[in-house]
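The structure appears below as structure tokens.
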Amino acid sequence: MSDSYSPITIEKSWQARWRESGVFATRQTPGKPRFFAYEYPPFPSGELHMGHVRNYTIGDTVTRYKRLQGYNVLYTQGFDSLGLPVEDAAIKVGKTPAQWLDECIEKMTDELFGLGLSYDAEKIFSYHDPEYYKWTQWIFLKLFEAGAIYRSKQWSDWCETCITALAFEQVEDGRCWRCKEQTTKTQQEQWYIDVHSVAPELLDGLETFDFPPSAKVLQRNWIGCLPGLFVEFPIEGSDTTIEVFTTKVSAIYGTTFIGLAPEHPDLPDLVTGTPDADKVLAALRDWCTTPLVERMKDPGAEGIFLDRYCTHPLTGERIPLCVAPYVQADLGTGAILGCPAHDTNAHRFAVTMGLPIKTVISPGVPETAGSDAVYLGEGHLVDSGCHSGLASSEAETAIAQDLIDREAARKGETYRVRDWCISRQRYWSAPIPIIHCDHCGPVAVPEADLPVLLPTEGVDMTRPGNPLEHHERFMATQCPACGRPARREASTLDTFVNSSWSYMRNCNPHYHDGMYDPDAVTYWVPCDFDIGGTENITVANFYFRVVLKWLDRLGLTPMSEPFKSSIFHGMVLKDGRKMSKSLGNVVRPTDLIAEYGVDSVRFQSMWAARPDSDYNWSDEKAAAARRFLTGVWYGVLDLVPVLGQTLPNMDGDPVMTNADKKFANALHVGSGKIQAGYERIEFQAVCNDLMLLWDKLKKYSDRVRAHATRRNIELLRRAVEQFLIMLNPIAPHLTEELWGRLGNPVMLAQSDHWRDRIGQDRTGQETVGQERVAHEH
RNA sequence: GCGGGCGUGAUGAAAUUGGUAGACAUACCGGACUUAAAAUCCGGAGGCCUAUGCCGUGCGGGUUCGAGUCCCGCCGCCCGCACCA
């Protein structure tokens, strides 16, 4: 091999050697700490983008560092090959998803390994493999049996363009997360995962793992626990009640109406028989189909008097029932206490509807008392029967107790989070394993009949709507309960259901006797480290947790949180803007690799910014990275003969000159800083410190060249080797090659050289995540 | 409105955790080598000033022998949630 630096030659050769030698095969050897790094799966578009390069280089760097530290590492990948994005991409090029995927996954796999990623190739799998989605369906059945999955005709978000239902979280500002078109709402049978019931665990669990503070807060707000009181209002002329939820019961004497969400399930009954029933129902329909964001734009919008009344549980007053469009069905009970004097929305609504406004909490300041303004603060109660005069904070507990004693109320909390709508009226995902029978209703597919295969032949994708519905061979079946002819459920699972348990499958994707290999999962999960973009870390992570909370409750998993530690990476920008085809500023990783070599691209990606901040792609910086690595290449090669010489052991050798001592110290301090940088996932600092150390190393090597002694050659050799070990996680190919040229027989990828030659990480058995938690407190 | 993050050169950013602010790098300027350019190497550089010096980590206070770092109060930017019962 020639001595000029040719990244492509070196990189291809080392990638092949790593693969052939199987150094990245997962090991569960006893007596070693473990490290499982999870990366959110790539959508198999067939071509990497800069975001992938950044994401996966971070993951790879971490795992290579951990291997060098003597950890058993699990690092592999699964392809997110089911779901709407794949189906749409295939339609665009006029292929079936299956045809399209074959090519793309192959190409994508090559590109991933081309980045030098140290994946365990044997463990790579795809979500559209029936061996995988069989178990996704199995999870569905388990949750269905337990009541965690239910079918409901409640109003759900709907995208006309994608022709499918959407989860609440997949609607962004009234628009579909995929096509960005305005969404609407429909009332069709859809499948839901009960998130409400596991909300307390989801909230508590947040405290147990290391998560970026912003993401933690986001999920906490998202779950949104509101403690309060459920109060029953008896309906006049009926033996039923309306239940409202309130967080401010101290204002209950100021109730002048009860506001019902247009979706409120009792409304049809309340309206039936009234003269305007048809008109009212039409109006309700109108509100129900409008996306929530639209409806909430004007909370003071006119509602409807129902001409029905309920009775105030404390005063016995007649309180009118109204439909208030600003009231949300999924929050609390979908019915609210209308206290216009002490609630902004109720006030606006009361003004529009001409309802009375009754002040019951007085701030005790004369000029504000009696004014028309809404008073939201504390004060003392007025006009509140036997509770008048109490401070509002005292009244909160006193009135609650009073109502509870009268059996008119119960304490509780409501969660802002919505149950997760998981059914999609689209073709390319795991079919929901349910059979609809005219006699038995929806019946679970027996476990033995799994997987319910997604047909890949005879699918007509040109017709609008769900192609599965028109696929007779798929649809026609028998009822597992009564044996009569029946129809399959044509909806498929939301893409996040597919990925929700992928990290368990990563441990052993070839396991046949269950959804996961229990030995492997007990050993590896929860994952020590998880890296993704912001959406992964917030949205996907949340869904993963929901599914796991249920599996844990059902005793199906040995853990209750998927990850010990998550971090997110920023975006890669070009000229300060997001890379996009429409702006024409897309930088293609394959071009960069051809120009600079993988190691330089990796180095530049890690060096450009700390992982969590955005950075601007810059050619100058890539060139600088290349220059640095080129310098290392020639620098180390030049030293090979120097380090290889054997000098006689001369008694006259000074023990250690000042220069030796100074350099030895610089090496020690530098290594410590570099190690700390790796531990804290601050790779930018690692790169800077590596460059600094290299500079010192080069200067010292000139000194050694001028006056070589056994001792300083020994020190220099140690320094060069340490330097290569420390640079290895970021620039693995170059360092392997140089390491070999120095005569080291055992590959860098093959052994725990770091622990051997430099020292153990300060945290010992602890993981990165735990260390970060420890720093926080 | 609520919550979270962040403010240091032209730029990405360092600062041994309270001890010489701006390491290292990019861009920039100058020099060397070249017929020339590129590459490479060497040197310069926070601001003000002729200079001794003075001022400098968003702004204003405070604690301290000493503050980018700790405390209080403002200002500005980014992100998330939202008329939440």
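In the text below, chain A, chain B and the rest are named by the order of the sequence lines, each starting its count at 1. As a basis for the values below, the full set of heavy atoms in this structure was taken, side chains included, without hydrogen atoms, waters or symmetry mates. The structure displayed is predicted, hence computed values, not measured ones.
Nucleic acid contact class of Thr246(A) (heavy atoms, under 4.0 Å, all strands): sugar-phosphate only. Note on Leu692(A): only backbone sugar-phosphate atoms sit closer than 4.0 angstrom, heavy atoms only; bases stay farther off. Residue Gln684(A) is classed as a sugar-phosphate contact, given heavy-atom separations below 4.0 Å to backbone atoms only. Within 4.0 Å (heavy atoms only), Val669(A) reaches no atom of the nucleic acid at all.
The Arg610(A) side chain lies nearest to A13(B) when the options are G4(B), A85(B), A13(B). The side chain of Trp607(A) approaches A25(B) more closely than any other nucleotide in the set A25(B), A85(B), A13(B). Side-chain proximity of Arg680(A) to the nucleotides A85(B), G80(B), U17(B) is greatest for U17(B). Considering only the side chain of Met691(A), C24(B) comes nearest among A85(B), C24(B), A13(B). Picking from G12(B), G80(B), A14(B) the nucleotide with the shortest atom distance to the side chain of Lys621(A) gives G12(B). Taking only side-chain atoms of Asn688(A), from C-beta outward, the nucleotide of A85(B), C24(B), U17(B) with the closest atom is C24(B).
On the C1' atoms, A45(B) is 14 Å away from U26(B), given to the nearest whole Å. Separating the P atom of G56(B) from that of G68(B) is a span of 10 Å, rounded to the nearest Å. Taking atom P on both A25(B) and G18(B), the two are 28 Å apart, rounded to the nearest angstrom. A gap of 45 Å separates the P atoms of C79(B) and G31(B), to the nearest Å. Nucleotides G12(B) and U20(B), compared at atom C1', are 24 Å apart to the nearest Å. For the C1' atoms, the distance linking U69(B) with G22(B) amounts to 15 Å, nearest Å. Taking atom C1' in both U11(B) and G3(B), the straight-line distance is 32 Å, to the nearest Å. Comparing C75(B) with C28(B), their P atoms sit 40 Å apart, to the nearest whole Å.
Summarising the geometry, the separation between CD1 on Ile252(A) and P on A85(B) is reported as 16 Å, rounded to the nearest angstrom. Atoms CG (Leu337(A)) and P (A85(B)) sit 12 Å apart, rounded to a whole Å. The CD1 atom of Ile258(A) sits 16 Å away from the P atom of A85(B) (whole-angstrom rounding).
The partner of G56(B), taking Watson-Crick or G-U wobble pairs whose two distances both stay under 3.5 Å, does not exist in any strand shown. Pair assignment for C6(B): G76(B), on the basis of Watson-Crick or G-U wobble contacts that are both within less than 3.5 Å. Pairing partner, C33(B): none, since no Watson-Crick or wobble contact has both distances short of 3.5 Å. With a 3.5 Å ceiling on both atom-pair distances, A39(B) lacks any Watson-Crick or G-U wobble partner.
For the side-chain hydrogen bond (donor to acceptor under 3.5 Å, both in side chains) with Ser566(A), the lone residue among Thr538(A), Asp530(A), Asp210(A) that qualifies is Asp530(A). Phe568(A) pairs with exactly one of Ile537(A), Asn55(A), Ile531(A) by the side chain to side chain contact (heavy atoms under 4.5 Å, CB included) rule, that one being Ile537(A).
A glycosidic torsion no more than 90° from 0 defines the syn conformation; G60(B) lies beyond that range and is anti. Syn is the glycosidic conformation of U17(B), whose angle stays within 90° of 0.
Considering only side-chain N and O atoms, Arg626(A) lies nowhere under 4.0 angstrom from the phosphate OP1 or OP2 of U26(B).
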Mind listing the N/O atom pairs, protein and nucleotides 41-46 of chain B, below 3.5 Å?
none

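Taking the six-membered ring wherever Trp is involved, the centroid distance between the rings of Phe544(A) and Tyr40(A) falls below 6.0 Å.
Summarising the geometry, atom CG belonging to Asp330(A) is positioned 9.5 Å from atom OG1 belonging to Thr414(A); distances are rounded to the nearest 0.5 Å.
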